[in-house]
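In what follows, a single structure is set out as structure tokens and then discussed.
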Amino acid sequence: MTSDRNPGYAEAGRSQVEAAAEGAPAGSRLTDESESYTLQVNGREESVKAAWLGESLLYVLRERLGLPGSKNACEQGECGSCSVFLDGTLVVSCCVLAADAVDSEVVTVEGLEPGDGLSDVQQHFLDAGAVQCGFCTPGLIVAVHDLLDRVPDADELTVREAISGNLCRCTGYGRILQAVVDVQRQRAGTQP
Amino acid sequence: MTVARPTTLSQAVDALAAMPDAQLLAGGTDFMVEVNFGHRRPTDVVALRRVAELRHHATDGDEVVLGANVTYSQMQTELAEALPALAAAARTVGSPQIRNAGTIGGNVATASPAGDTLPFLAAVEADVVLASPDGTRRLPLADFITAAKRTAIQPGEVISEVRFPAVRGPQQFLKVGTRNAMVISIACCAMVVDTDHRRVRCAFGSVAARPLRPTEAEDFISDALDWDTLDAETNAVDRFAALAAAAAEPITDHRGTAEYRRHTVKVMARRALTRSLRA
Ligand SMILES: Cc1cc2nc3c(=O)[nH]c(=O)nc-3n(C[C@H](O)[C@H](O)[C@H](O)COP(=O)(O)OP(=O)(O)OC[C@H]3O[C@@H](n4cnc5c(N)ncnc54)[C@H](O)[C@@H]3O)c2cc1C
Ligand code: FES
Ligand code: FES
């Protein structure tokens, strides 16, 4: 499978352009006549130009907005490597229609830490050796942020359930689980 | 191509009327996979995600109402006490990411033989409520799902909610798959032991083209149960399980053989009933 696009695009990509028309009466809508639409990604307004409206959010992030942190491994919701926040909710971006993410706030792995540094989850993944090939890592980082923000003291079973939709073919998950515990300890102030 | 983003049901119905070829999009977990693989090429889309009124759930008199946009994550948490079997079914769907997006309306509309909410909805004899410019109509789920992945939905209609009688008594959901997450059912089972009406109702998924109600087995065990003590003889439980297995119409596919599926029906029928009875 190609890693750079939703294959549906190859078929329907001929149709041009699209985007945000102003306040149509029956709710808002995007149409072919418009030139671009705007997504809010990591706190910034991003303009998406000349895009087929059937594109997934994952495709738009990677191929149109230069945000390749979200990985494309399956395009069918199975692997979790494209996980992002949509209005604060953890979802797989390959199953989101980008044109339906207008008006929503998207946060990708690139936007978790406002500065240039690493988030605590990212740092502990590195320190614990939870990263091997790294392909699953961005999705796991997003999923772990989601879990620990909601359930700071999650027990192991809860952690396993929370990351059950994030497949890693390298690590065997042991070090990933260790990294999560390390973040929990640091956040709780029980780790040196 | 146009993507409409209505915020009310009437706007959604209007948008669909204005674009008769439009396809409805809810959580996208079935829809977008088909688009990504080129199996679905929408010309126009009516996106339902913002229609807040479809996200509600309530008990309306003796009836439970679940809006079409209710997600698996909502079922798992907000309905865990009221509808434990539905909540258990929701918890087995996909992954947290899928459960945050996927909706009951999408599951009903897709009408997959493996749809995990469908056995529960069949067991409680749910109706599907359809909204259109002409108003609303109600169809029993058994009439709504006409075949595997085929429904009686008409152009211009939106599933607005599912409704079913509130039911008291133990309920169970069981699912067989290769792991405890991210699996499509090889077979699944929902059971409600309706203590008010003294009736055991159950349905099995992935063992027929549509959710399967083993009515002969239900009749038998509803008679055989001692409803005052909520108890049954072991041989009655066995007979119930055998009748349920005999009713299944399983096929062999890449997930499992017909023989294995029939066996799981027997095991799940016995287990769901045993768990519902007084120990
Ligand atoms: C990785 C993965 C794992 C999955 N695991 C499971 C599982 O374990 N069990 C299971 O049952 N399913 C599973 N699914 C399938 C899917 O998540 C469910 O069927 C889900 O309920 C679909 O809902 P949705 O809101 O995402 O629908 P969408 O994908 O948005 O739509 C699905 C279909 O329903 C139609 N539709 C949506 N809403 C309405 C409405 N209100 N009125 C009329 N038509 C409507 C759409 O037009 C489309 O045809 C899985 C999917 C993925 C990608
Ligand atoms: S690429 Fe989205 S879940 Fe695999
Ligand atoms: S580190 Fe390679 S897939 Fe997880």
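Residue numbers begin at 1 in each chain, while the letters A, B, ... track the order of the sequences.
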Do you know which of A/Glu78, A/Glu161, A/Arg160 has the most heavy-atom pairs under 4.5 Å to chain B? A/Glu161
Is it the case that A/Arg169 places NZ or CZ above or below the six-membered ring of A/Phe135, under 6.0 angstrom from the centre and within 45 degrees of the axis? no
If you tally heavy-atom pairs under 4.5 Å against chain B, which of A/Thr89, A/Asp146, A/Val96, A/Asp103 wins? A/Asp103
Closest non-hydrogen atoms of B/Thr252 and B/Ala258, given as atom of the first, atom of the second and distance, are OG1-N, 2.9 Å
More than 12 heavy atoms from other groups under 6.0 Å of OH on A/Tyr173: yes
For A/Ser83, which atoms come within 4.5 Å of any heavy atom of chain B: side chain, backbone, both, or neither? side chain
Identify which of B/Ala12, B/Gly28, B/Gly27, B/Ser95 forms the greatest number of heavy-atom pairs closer than 4.5 Å to chain A. B/Gly28
Part of A/Leu86 within contact of chain B (heavy atom distance under 4.5 Å): side chain
For chain B, which of A/Cys95, A/Gly165, A/Ala162 has the most heavy-atom pairs under 4.5 Å? A/Cys95
Please assess B/Ser276 against B/Gln172 for the test side chain to side chain donor-acceptor pair (under 3.5 Å), listing each intermediate value before the final yes or no. CA-CA 7 Å; B/Ser276 301; B/Gln172 311 291 334; 3.3 Å; yes
Contact origin within A/Val92 toward chain B - heavy atom pairs under 4.5 Å: both
In terms of heavy-atom contacts, B/Met1 and B/Thr43 come closest through CG-O, 2.7 Å
Inter-residue atom distance B/Arg150.CZ - B/Thr110.OG1, 0.5 Å rounding: 11.5 Å
Structural part of A/Leu58 lying under 4.5 Å from a heavy atom of chain B: neither
Is chain A contacted by the side chain of B/Val45, its backbone, both, or neither, given a heavy-atom distance below 4.5 Å? side chain
Would A/Ser104 and A/Asp87 satisfy side chain to side chain donor-acceptor pair (under 3.5 Å), going step by step from the backbone distance to the final call? CA-CA 6 Å; A/Ser104 289; A/Asp87 287 331; 2.9 Å; yes
